[in-house]
Every structure is written in C-alpha cells, then in structure tokens.
Amino acid sequence: GGARRAAGGEGGGRPGPGGGGGCALGRGGVAAGKGEGGGVTPAGRFILETVYYRADRGPRPPGALPATAIAPDWGWGDDPKDPAGYNRLCQLPYAFSHERLWRGDHVYDLLVVLGHNRAPTVAGAGSAIFLHLARGGLTPTAGCVAGPWAAMIALLGHLSPAGVID
C-alpha cells in the first residue's frame, strides 16, 4: 500500500508551535514480513530497547528507558552481508553500509531503537527500525515511525523498559 500518515498535527524535528500529535510511517506503507529496504514500516509488536539522543542539542530525555548520548562517530549497521554488525550500533568509519546517527538534520536528535529483527538478528530481515523525530509535515520515512518533538518527549516520559510498540 501507499504511505500512511496518522492525523493530528504538524511535524517537525524541533520543539515549537504546532508540534502536536500524529506520526509518520514508511513511504511503502506497513506490512508484516518486512525485509531490507523498500521503505516499509514493519507490522508487529516490538520492544522499546534504548533511547539515543544528541546531548549537544538537548538534555537527556525523560523517562525510565535506558538513554545514551550519541557520539559523532556512531552509526547503525544496515548491510545484510555484515555478519557481526547487521542491525547493530557501530563505530565509524565502518567498512559495511550503515546509517550515520550523528546527522546534520534533527531526525536522529532523539531516537528509540525498536526490537525489530534484534533477537535474533536475521540478515536481510530489516534493520535500523527506530522511533525518531519527524521531518516537517510528517513526511513518510524509510520504514521507521517518526513523531514531532513535543509528542516524543511526552511519550518517553510514560514509557518503561517493559514497554512495547504495536
């Protein structure tokens, strides 16, 4: 199906007026059995693992989930040919394909690792599925779930290490 967008407010990665509710999903829609690429948000119930945030752009977010400041040389392995680092935190430079976590935009200033394809990790079954900050207008993602700054901060304040996302 096409990209879906939840109603309820304006997007945007930084705090400010109009940063209400709603979320952005993958440009390829939502589907079970997600593989690598395709812009599809995986359907299912996933553990909320860890919060990563840019300490140079804001304080530690609220809540009981473990939270770690992102370092400038951190990435997330997304190459199915990488047996040791696929769908895991990695240090840059990195020989395999990866997502850079320290970005010029604000999308990864605050992100939560979702437990999609994590225990165990299966090569090619999808990687780097996060709950992260939305771009303006809640534009579709590459497969993650994204929300406005204010909604993310409010949500994180209510989550626990036993939390899941459906």
Side-chain angles (χ1 to χ4, degrees), residues 1-5 11-14 23-58 60-61 63 65-136 138-147 149 152 155-156 159 161 163-166:
R4 297 194 317 175
R5 180 183 134 183
R14 300 301 297 157
C23 69
L25 301 172
R27 67 181 175 274
V30 177
K34 180 209 177 345
E36 192 63 42
V40 175
T41 299
R45 175 173 274 199
F46 305 108
I47 294 169
L48 304 166
E49 292 187 6
T50 304
V51 176
Y52 290 107
Y53 67 99
R54 287 277 301 265
D56 64 316
R57 293 186 174 170
R60 182 197 190 283
L65 287 176
T68 302
I70 298 169
D73 63 347
W74 284 6
W76 196 269
D78 62 7
D79 190 335
K81 293 181 231 119
D82 178 8
Y86 180 65
N87 203 24
R88 292 187 181 1
L89 188 67
C90 61
Q91 188 167 5
L92 308 180
Y94 197 66
F96 291 91
S97 175
H98 58 274
E99 289 264 347
R100 178 175 288 279
L101 297 185
W102 189 279
R103 296 168 51 130
D105 63 15
H106 295 284
V107 172
Y108 287 172
D109 285 4
L110 179 59
L111 68 88
V112 180
V113 177
L114 301 182
H116 175 275
N117 192 27
R118 298 272 296 147
T121 300
V122 176
S127 64
I129 300 298
F130 306 135
L131 173 61
H132 64 70
L133 295 175
R135 291 180 177 86
L138 294 176
T139 57
T141 69
C144 295
V145 177
W149 178 271
M152 289 278 290
L155 179 66
L156 287 172
L159 298 177
V164 298
I165 186 170
D166 286 305

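Note that the numbering runs from 1 along the sequence shown for the chain. This is a predicted model, so every value here is computed, not measured.
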*Asks:* Tell me, do L111 and L101 make a side-chain contact under 4.5 Å, heavy atoms counted?
*Replies:*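 Yes. Closest side-chain heavy atoms under 4.5 Å.
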
*Asks:* Taking atom CH2 of W149 and atom CG of L110, what is their separation to the nearest 0.5 Å?
*Replies:* 5.5 Å

*Asks:* Among residues at least two apart in sequence or on other chains, which ones pass side chain to side chain contact (heavy atoms under 4.5 Å, CB included) with V40?
*Replies:* A31, K34

*Asks:* Do N87 and W76 have side-chain heavy atoms sitting under 4.5 Å apart?
*Replies:* yes

*Asks:* Just wondering, do N117 and Y86 contact through their side chains at under 4.5 Å, heavy atoms?
*Replies:*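 A side-chain contact under 4.5 Å exists here.
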
*Asks:* Can you name the residues that form a salt bridge (charged side-chain N to carboxylate O under 4.0 Å, His left out) with R88, not counting sequence neighbours?
*Replies:* none

*Asks:* Say you draw a straight line from CZ of F96 to NZ of K81; how long is it, rounded to the nearest 0.5 Å?
*Replies:*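 If I round to the nearest 0.5 Å, the distance is 8.5 Å.
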
*Asks:* Could you check if a side-chain atom of M152 sits within less than 4.5 angstrom of a side-chain atom of L133, using non-hydrogen atoms only?
*Replies:* yes

*Asks:* Heavy atoms, side chains only, cut-off 4.5 Å: are L65 and L48 in contact?
*Replies:*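 Side chain of L65 against side chain of L48, heavy atoms only: contact under 4.5 Å found.
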
*Asks:* I'd like to check the side chain to side chain contact (heavy atoms under 4.5 Å, CB included) partners of A146; sequence neighbours left out, ordered by chain and number.
*Replies:*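 Here the qualifying residues are A24, H132, A134, T141.
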
*Asks:* Could you go step by step and tell me if V51 and T68 meet the side-chain contact (heavy atoms from CB on, under 4.5 Å) rule?
*Replies:* CA-CA 6 Å; V51 176; T68 302; over 6 Å; no

*Asks:* For a 4.5 angstrom cut-off between non-hydrogen side-chain atoms, does I129 reach F46?
*Replies:*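 Not touching, per the 4.5 Å side-chain cut-off.
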
*Asks:* Determine whether C23 and L25 make a side-chain contact, defined as any pair of heavy atoms from C-beta on separated by less than 4.5 Å.
*Replies:*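 With C-beta onward as the side chain, the pair touches.
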
*Asks:* Counting the benzene-type ring for Trp, do Y52 and F130 have ring centres under 6.0 Å apart?
*Replies:*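 No, the ring centres sit 6.0 Å or more apart.
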
*Asks:* May I ask you to check whether over 12 heavy atoms, not counting those of I165, lie within 6.0 Å of atom CD1?
*Replies:* yes

*Asks:* Grab the two heavy atoms, one from P80 and one from A123, that are nearest each other, plus how far apart they are.
*Replies:* O-CB, 3.4 Å

*Asks:* Side chains of V112 and T50: closer than 4.5 Å at any heavy-atom pair?
*Replies:* no

*Asks:* Over 60° means perpendicular and under 30° means parallel, so tell me whether Y94 and H98 are parallel, tilted or perpendicular.
*Replies:*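 Because their plane-to-plane angle is over 60°, the rings of Y94 and H98 count as perpendicular.
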
